[in-house]
Amino acid sequence: MSTFTVINPATEQPVVDVPLTDLAGADAAIEAAHAAFPAWRAVAPGERARLLRRFATVVEEHVEELAELEVRNAGHTWGNARWEAGNVRDCLNYYSGAPERMSGKQIPVPGGVDVTFHEPLGVVGIIVPWNFPMPIAGWGFAPALAAGNTVVLKPAELTPLTAIRLGELALEAGLPEHVLTIVPGKGSVVGERFVTHPLVRKVVFTGSTEVGKRVMAGCAEQVKAVTLELGGKSSNIVFADADLAAAAAAAPYAVFDNAGQDCCARSRILVERSAYDEFLSLLQPAVTGLRVLDPADEASEMGPLISSGQRDSVRGFLDEVEVAFAGSAPTGPGWWVPPSVVTVDDPASRIWREEVFGPVVAVMPFDDEADAVARANDTEYGLSGSIFTNDLGRGLRVARAVEAGNLSVNSHSSVRYWTPFGGYKQSGLGRELGPDAPLAFTEEKNVFIAH
Ligand code: NAP
């Protein structure tokens, strides 16, 4: 069996070799998950809930271990990595409330009784990217398992370690074998097999828009259900009446968190023209003051990029523009890019249009509310966005006008597991999280019983 060497992106040192599952191995995992499905769906709702709560408790007991793996594997800061492991625990606890609440409806009809049932789909295939390996895995498997499905999950080749450990913890918590199976391997082998294998009844894909389109096209061949969480180019809109100091202090964290490798990164900042110069002068110290350090250091606020390829791609964007100002980054080993601010006049420029997926933010002035909304919506993406203003009416108006799935006013709220999350336009299809997520892993069945 071939292997992949996991590299610490902050040091470029090898961490461990991970076996890569081949096509036969992927088929075996899917068939075993299919065989485990009838027994798992038959587990009484209260017992399934108890097992998910037990899984959450075991994750809680291993938060430090999981976080340490992510610091080494993905270059995440300790603060982020602990939050991410805790997010898996919280997601499991939240969806452990679902099995006993999967109620159908009783619909009035003449001549009998009509009732609906939410039935699990069978095997669900979850494909995870490298930027948030733990949360994105949990957002898929927690509601899918709660709804009575079995799950096969492919982590990104670059970041398999926490997913593999979560699979082991599930067994330790008492989940039956093959109910949650981690299948490390290549996207072109394991990921594609989730799409083409007829026993996988739904694919949950998070990753690039380019690959997402291929996944969707592949699922169409079998009319297979699919959820897509794809790229973003989100705007942080700052009006002149906002608390500019607060907006400038918060802006770096909304785009440089996880070194900008965040689908929700507010990588465009739109500033009302009358406040533009003042905002930039407030932004500069907030950017240069960011602590960009090896994430092994607990004080680090931003780590490296995930790979040399990602670093080169981000540098390619920066080579095309003039950087207005930038923060610092370590020299020596590791795939570092300093947090960088670019001012943009031309909305056709590549740095304004494409997802950089690195610590780069583009700033542009706007004239009025209508202009701000038009500029924010001038993109094929629609994942998230922020609005800073002291006028609550305007905050709500603009939040309703921006074509994106997740907006926040006077904050850059991150994703909450108990509120829905997903994209408009080419940022995605379907929603994850929130109270309705388990329903996305079911078929609704209607039964009529004649009097
Ligand atoms: P990617 O290249 O599309 O890969 C994502 C996942 O798909 C990986 O596990 C990859 O496996 C797998 N894959 C690759 N080719 C495949 C294929 N032909 N069939 C099935 N699976 C395949 O994306 P990435 O570069 O890892 O992640 C960054 C992207 O994800 C960004 O665009 C970001 O915006 C997006 N993202 C979106 C959200 C959201 O919720 N909207 C959240 C996080 C990230 P291998 O890597 O092992 O090849």
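Quick note: residue numbers are just sequence positions, from 1. The figures here come from the full heavy-atom set of this structure, side chains too, leaving out hydrogens, waters and symmetry mates. Counting starts at 1 for both ligands and their atoms, following the listed order.
- Only side-chain heavy atoms of R214 come within less than 4.0 Å of ligand 1; its backbone N, CA, C and O stay farther off.
- By the 4.0 Å heavy-atom criterion, F194 is excluded from the residues contacting ligand 1.
- Residue-ligand proximity: G218 is placed with every non-hydrogen atom at 4.0 Å or more from ligand 1.
- What sits closest to atom 35 (C) of ligand 1 on the protein, heavy atoms only, is G207 O, 3.1 Å.
- Proximity of F421 to ligand 1, defined as any heavy-atom pair under 4.0 Å, is confined to the side chain (atoms from C-beta onward).
- Using a 4.0 Å heavy-atom cutoff, F132 is absent from the residues neighbouring ligand 1.
- What you find for S300 and G303 is that their closest heavy atoms are OG-N, 4.2 Å.
- Scanning the protein for heavy atoms near atom 32 (O) of ligand 1, the closest one is E355 OE1, 2.7 Å.
- In this structure, the separation between CG on L92 and OH on Y417 is 11.0 Å, given to the nearest 0.5 Å.
- Of the charged side-chain nitrogens involved, none lies within less than 4.0 Å of a carboxylate oxygen, so that K425 and E380 do not count as a salt-bridged pair.
- If you check which protein heavy atom lies closest to atom 24 (P) of ligand 1, you get W130 NE1, 3.5 Å.
- In this structure, atom 4 (O) of ligand 1 is not in close contact with the protein, since no protein heavy atom lies within 4.0 Å of it.
- Looking at atom 36 (N) of ligand 1, its nearest protein heavy atom turns out to be C263 CB, 3.5 Å.
- No donor-acceptor pair under 3.5 Å is formed between the side chain of E301 and the backbone N or O of V292.
- Atom 8 (C) of ligand 1 has as its closest protein heavy atom V128 O, 3.4 Å.
- Going from atom CZ of R82 over to atom CD of E68 covers 10.5 Å, rounded to the nearest 0.5 Å.
- Under 4.0 Å from ligand 1, the heavy atoms of N131 that appear belong solely to its side chain.
- The protein heavy-atom contact nearest to atom 41 (N) of ligand 1 is L230 O, 2.8 Å.
- Among all non-hydrogen protein atoms, the one lying nearest atom 17 (C) of ligand 1 is G187 O, 3.5 Å.
- Nearest protein heavy-atom contact of atom 15 (N) of ligand 1 is V211 CG1, 3.6 Å.
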